[in-house]
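See structure below.
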Amino acid sequence: MKIRRFFGKDMREALSQVKAELGSDAVIMSNRKVADGIELVAAYDKEPEAKLFTPKASPQAAAKTPGQKAVPSLSEIIGDDGPDSLKALLEKQHGGNNGVASPAQPNQPMTANAKHANEIASHLDFSEAFIDDVEAQQSSHEPVRQNAFPEHQASSMDDTPVTQSAELAQIKEELASLRDVLQYQVADLMEAKNKRQKPVHQYLITRLTDMGLSNALAKQLISYTPSHYNERDAWVYLLNLLANRINVTGNDILSAQGAVALVGPTGTGKTTTVAKLAARYAQKYGAESVAMITIDTYRIAAYEQLATYGKIIGCTVRKAQTSEELADLLFQLRHKRLVLIDTAGFSQRDSRLIKQIRQFDNGQMPNVKKYLVAQANTQYPALQRIIQAYDDIELSGCIFTKLDECYSLGEVLSAAVEYQLPVSYVTDGQKVPEDIKIAEAKSLVSAAAKLYKKYGLNHTSGNNAIKTA
């Protein structure tokens, strides 16, 4: 038994090659779609005696016993006007194999070619589902791969099959995409329903989010608003409710004693805020009662800037490069009522930030209160990352700086409420020590509402035209 491959631009041409090369005793093993056309795998028992083919039946075939059914040859399957359809071809071959004599029928002798054909055909799947699947794949111009032999025989000639895990992953990805689309549609329908049922509440949610509050906090505040309130009364109620949610610490730094460290990302004004607090404390208790320490060894002239403020105020200024030096300085300055520590500014994604935070927890350091310094005009997602970067340390409060540069104040208020971060002070300028104030909840909410009214609302009198190149 030998196997050969034939290539043709279509099924008729490939079958013609098989007929011309191997004769009528050839058996079609498998077929598949290739780049240039059709590939057929045919088997034959012996070399053909001649490459001549006569479409008419031979005298030997005509002399067979009338009641005996022989194995259909390739000539009988296709003939000169044989079918181009693979389904019709396989059906004819399958029907011929069903009529092949078996050892259980001793009155019907079987030729050697028929025996080999039966052995090969026993491994083939000629079911209707299989035939329909083959034609469907050919009609869609996709590669067709049929295993004519068991896996151990066909592994050398078949391509690597697509793994089931890849198909499952693709199905899961499609289902996830459909789920997202459905969730979006359902959420849109629910929002439209709420707008019809509670139009005032939906309008106020939009105003709160435009003011800078997160959508989750806005919905939470709306849920406590009485449904019978009109738009104006509900807005006032919401602002008061927001003010009650903001936790303020009062004048806790300037009225207490001990060591206080200001931490935060770069450019938030930590050094200037330290100088403002030191000047206010010196005005109240005297310059000898306050000291300043900087551990900022990364920024150029960081110590010189703080030392200049110290000369103006008249207080002590020191520099520490390691946690051991910081512990020693805090021990030397233990007689001071207040020691303010200025830290280096790092991005919340910088690994050096964690190293600096650990300087306060080395076991030798006395208790140091940490206050987060953040710009009031920071984006809400950035505020979230900044606060999360300091999850490992206990923050006593926060200080919001640069209120004079804000066009929206709702973002920092929303972050303070959601993360339950107390607000201690706010700064609104560069003057030392004038531009620092004790945080008041109602003042912050009022400032946020005024900024929204001035910059957040869609004013028809403004020039809203988009500039193009």
Side-chain angles (χ1 to χ4, degrees), residues 248-249 251-254 259-283 290-313 315 317 319 338-348 350 352-353 356-357 368-380 382-383 385-387 389-390 393 395-409 411-413 415-416 421-440 443-444 447-448 451:
V248 294
T249 61
N251 195 17
D252 54 341
I253 297 178
L254 300 181
V260 173
L262 301 187
V263 298
T266 57
T268 56
K270 294 185 295 296
T271 303
T272 306
T273 304
V274 167
K276 291 177 181 179
L277 293 173
R280 286 289 183 91
Y281 205 83
Q283 290 176 350
V290 62
M292 295 185 292
I293 301 175
T294 179
I295 60 174
D296 187 359
T297 59
Y298 297 93
R299 187 165 57 92
I300 298 176
Y303 171 72
E304 286 74 10
Q305 180 184 2
L306 199 64
T308 302
Y309 284 124
K311 290 180 180 179
I312 298 174
I313 299 171
C315 63
V317 180
K319 177 175 64 174
L338 179 65
V339 178
L340 296 170
I341 303 173
D342 181 24
T343 62
F346 296 109
S347 168
Q348 59 270 19
D350 198 329
R352 292 176 295 179
L353 174 65
Q356 184 191 66
I357 292 174
V368 178
K369 295 181 180 179
K370 276 79 68 176
Y371 286 79
L372 176 64
V373 181
Q375 291 182 194
N377 56 358
T378 308
Q379 297 176 346
Y380 179 75
L383 282 171
R385 302 302 186 275
I386 291 170
I387 296 175
Y390 292 92
I393 65 173
L395 294 175
S396 300
C398 65
I399 300 174
F400 292 141
T401 61
K402 303 183 181 182
L403 263 70
D404 54 320
E405 302 178 8
C406 287
Y407 291 92
S408 175
L409 200 57
E411 288 82 359
V412 292
L413 299 183
L421 189 61
V423 184
S424 300
Y425 298 90
V426 294
T427 66
D428 54 359
Q430 298 292 324
K431 295 181 181 179
V432 179
E434 293 85 358
D435 294 335
I436 186 170
K437 298 178 178 62
I438 302 171
E440 295 180 356
S443 298
L444 290 173
L451 289 174

Has Gln430 got more than 12 heavy atoms of other residues, nucleotides or ligands less than 6.0 Å from its CD?
no
- Query: Does a sphere of radius 6.0 Å around NZ in Lys431 hold more than 12 heavy atoms from other residues, nucleotides or ligands, not counting ones at 6.0 Å or beyond?
  - Reply: no
Given the options Leu413, Leu444, Val412, Val423 meets side chain to side chain contact (heavy atoms under 4.5 Å, CB included) only with Leu444
Worksheet item: Mind checking whether Thr271 and Thr294 have side chains closer than 4.5 Å, heavy atoms only?
Response: no
Between Ala278 and Val290 the two heavy atoms that sit nearest each other are O-CG1, 4.0 Å
For Ala415 and Tyr380, the nearest pair of non-hydrogen atoms, with its separation, is N-CE1, 4.0 Å
Value for CE (Met292) from CD1 (Ile313), rounded to nearest 0.5 Å, stands at 4.5 Å
Next item on the list: Answer yes or no: is there a donor N or O on one side and an acceptor on the other, between the side chain of Lys270 and the main chain of Ile341, under 3.5 Å?
Entry: no
To the nearest 0.5 Å, atom CG of Leu306 lies from atom NZ of Lys319 at 11.5 Å
(Q) Given 3.5 Å as the limit, does a donor-acceptor pair link the side chain of Tyr281 with the main chain of Val339, or not? (A) no
Output for pair (Thr401 OG1, Tyr425 OH), nearest 0.5 Å, gives 15.0 Å
Counting only heavy atoms not in Glu440, do more than 12 sit closer than 6.0 Å to its CD atom? no
dist Lys437:NZ -> Lys276:NZ (nearest 0.5 Å) comes out at 8.5 Å
- Item | CD/Gln283: more than 12 non-hydrogen atoms of other groups inside 6.0 Å | yes
Of all heavy-atom pairs linking Ala344 and Asp296, the shortest is CB-OD1, 3.3 Å
Closest non-hydrogen contact found for Gly429 with Asp404 is N-OD1, 3.8 Å
Donor-acceptor pair between Asp252 and Tyr371 side chains, under 3.5 angstrom = yes
Closest non-hydrogen contact found for Thr268 with Ala374 is CG2-CA, 4.2 Å
- [ ] Check whether any side-chain heavy atom of Leu340 sits under 4.5 Å from a side-chain heavy atom of Leu262, and report yes or no.
- [x] no
Between Gly264 and Tyr390, the two heavy atoms sitting closest are N-OH, 3.2 Å
CG of Leu395 to NZ of Lys369, rounded to nearest 0.5 Å, is 13.0 Å
Under 3.5 Å, is there a donor-acceptor pair between the side chain of Thr272 and the main chain of Gly269? no
Rounding to 0.5 Å, atoms CG (Leu451) and CG (Asn377) come to a distance of 11.0 Å
